[in-house]
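What you see is a predicted model; the values in this text were computed from it and never measured.
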Amino acid sequence: QVQLVESGGGLVQAGGSLRLSCAASGRTFSRYAMGWFRQAPGKEREFVAAFSWSGSRTYYADSVKGRFTISRDNAKNAVYLQMNSLKPEDTAVYYCAASNAIGMLTNSRRYDYWGQGTQVTVSS
């Protein structure tokens, strides 16, 4: 069982940066692949970034490549999403998720646990 709590969202101007954090409970945190998803009003939840459980692979949506960076600290049971050069279209609720799966980490159905989300608003 894993519980996830996101933090770090807020209001930022276009071109600015935010760092989201996801604190996880559970002693087996290091065995999970971790991902970030987002959902804008009226849109479906979409993949943003993911980190394999081994830490050997990262995955990014094309829309955030070169601007966002996912990282994890197993010693702190935490996952981070550094977001730079933010755009108004990045506005959404951002969710942290944990997966027992290997592969296809861009698919939200592969994730077993979800946080409550944190709002990110980028003004133009």
Side-chain angles (χ1 to χ4, degrees):
Q1 190 83 9
V2 176
Q3 292 185 329
L4 304 171
V5 179
E6 303 95 335
S7 62
L11 174 63
V12 64
Q13 288 187 333
S17 298
L18 281 175
R19 187 192 193 209
L20 304 184
S21 298
C22 175
S25 64
R27 292 176 292 178
T28 59
F29 169 76
S30 62
R31 299 180 185 177
Y32 289 89
M34 299 299 297
W36 286 95
F37 288 76
R38 66 187 182 186
Q39 188 166 17
K43 295 187 177 181
E44 294 186 353
R45 190 169 297 188
E46 64 174 1
F47 170 75
V48 176
F51 212 116
S52 65
W53 71 269
S54 66
S56 62
R57 291 189 175 186
T58 55
Y59 307 85
Y60 294 96
D62 288 342
S63 59
V64 306
K65 279 181 182 177
R67 300 189 298 123
F68 291 12
T69 303
I70 188 172
S71 61
R72 68 188 295 167
D73 186 337
N74 288 339
K76 295 183 178 180
N77 277 13
V79 178
Y80 307 99
L81 185 67
Q82 178 66 44
M83 306 186 295
N84 299 327
S85 301
L86 283 162
K87 304 175 181 180
E89 51 263 44
D90 294 318
T91 295
V93 177
Y94 283 70
Y95 298 91
C96 173
S99 172
N100 281 304
I102 297 175
M104 298 182 66
L105 293 176
T106 61
N107 188 334
S108 62
R109 297 177 182 178
R110 302 283 280 177
Y111 290 80
D112 306 284
Y113 305 102
W114 292 84
Q116 293 299 309
T118 185
Q119 175 71 47
V120 171
T121 303
V122 184
S123 63
S124 58

Quiz item: Under a 4.5 Å cut-off applied to non-hydrogen side-chain atoms, are Ser17 and Gln82 in contact?
Solution: yes
Quiz item: Given side chains that start at C-beta, do those of Met34 and Trp53 come closer than 4.5 Å, heavy atoms only?
Solution: no
Practice problem: Work out which heavy atom in Ala92 is nearest to a heavy atom in Ala40; give both atom names and the distance. | Solution: CB-N, 3.8 Å
Self-check item: Side-chain heavy-atom pair Arg45, Arg38 within 4.5 angstrom cut-off
Solution: no
Quiz item: How close do Tyr94 and Leu20 get, heavy atom to heavy atom, and via which atoms?
Solution: CB-CD1, 3.5 Å
Quiz item: Just how far is it from atom CG of Asn77 to atom OH of Tyr32, taken to the nearest 0.5 Å?
Solution: 11.0 Å
Show every donor-acceptor pair shorter than 3.5 Å between a side-chain atom in residues 95-106 and any protein atom, with sequence neighbours excluded, or say none if there are none.
residue: Ser99; atom: OG; partner: Ala101; partner atom: N; Å: 2.9
residue: Ser99; atom: OG; partner: Arg110; partner atom: O; Å: 2.6
residue: Asn100; atom: ND2; partner: Asp112; partner atom: OD2; Å: 3.3

Quiz item: Does some side-chain heavy atom of Val79 sit less than 4.5 Å from a side-chain heavy atom of Ile70?
Solution: yes
Practice problem: Starting at CD of Glu6, measure out to SG of Cys22 and round the result to the nearest 0.5 Å. | Solution: 5.5 Å
Quiz item: Among all residues two or more places apart in sequence or in another chain, which pass the ring-ring contact (aromatic ring centres under 6.0 Å, His included) test with Tyr80?
Solution: none
Quiz item: Of all heavy-atom pairs between Arg72 and Asn74, which one has the smallest distance, and what is that distance?
Solution: NE-OD1, 2.9 Å
Quiz item: For Phe37, what residues pass the ring-ring contact (aromatic ring centres under 6.0 Å, His included) criterion, not counting sequence neighbours?
Solution: Phe47, Tyr111, Trp114
Quiz item: What's the spacing between Leu81 CG and Leu18 CG if we round to 0.5 Å?
Solution: 9.5 Å
Quiz item: Closest approach of Val64 and Val48, non-hydrogen atoms and distance?
Solution: CG2-O, 3.5 Å
Quiz item: Would you say Tyr113 and Trp36 are hydrophobically clustered, going by side-chain heavy atoms of ILVMFWY under 4.5 Å?
Solution: yes
Quiz item: In terms of hydrophobic clustering (I, L, V, M, F, W, Y; side-chain heavy atoms under 4.5 Å; direct or indirect links), are Met83 and Tyr59 co-clustered?
Solution: no
Self-check item: Cluster link Val122 to Tyr60, ILVMFWY, side chain under 4.5 Å
Solution: yes
Quiz item: For Arg57, what residues pass the salt bridge (Lys or Arg N to Asp or Glu O under 4.0 Å) criterion, not counting sequence neighbours?
Solution: none
Quiz item: Does CD belonging to Gln3 count more than 12 external heavy atoms closer than 6.0 Å?
Solution: no
Practice problem: State the OG-CD distance between Ser25 and Gln1, to the nearest 0.5 angstrom. | Solution: 8.0 Å
Quiz item: Between Phe68 and Leu86, is any pair of side-chain heavy atoms under 4.5 Å apart?
Solution: yes
Practice problem: Please name all residues satisfying side-chain contact (heavy atoms from CB on, under 4.5 Å) with Ser56, sequence neighbours left out, ordered by chain then number. | Solution: Ser52, Ser54
Practice problem: Not counting sequence neighbours, which residues clear side-chain contact (heavy atoms from CB on, under 4.5 Å) with Thr121? List them please. | Solution: Leu11, Thr91, Gln119
Quiz prompt | Lys/Arg-Asp/Glu bridge criterion (N-O < 4.0 Å) met for Lys87, Asp90 | solution = no
Quiz item: When you measure from the side chain of Ser85 to the backbone N and O of Arg67, does any donor-acceptor pair fall under 3.5 Å?
Solution: no
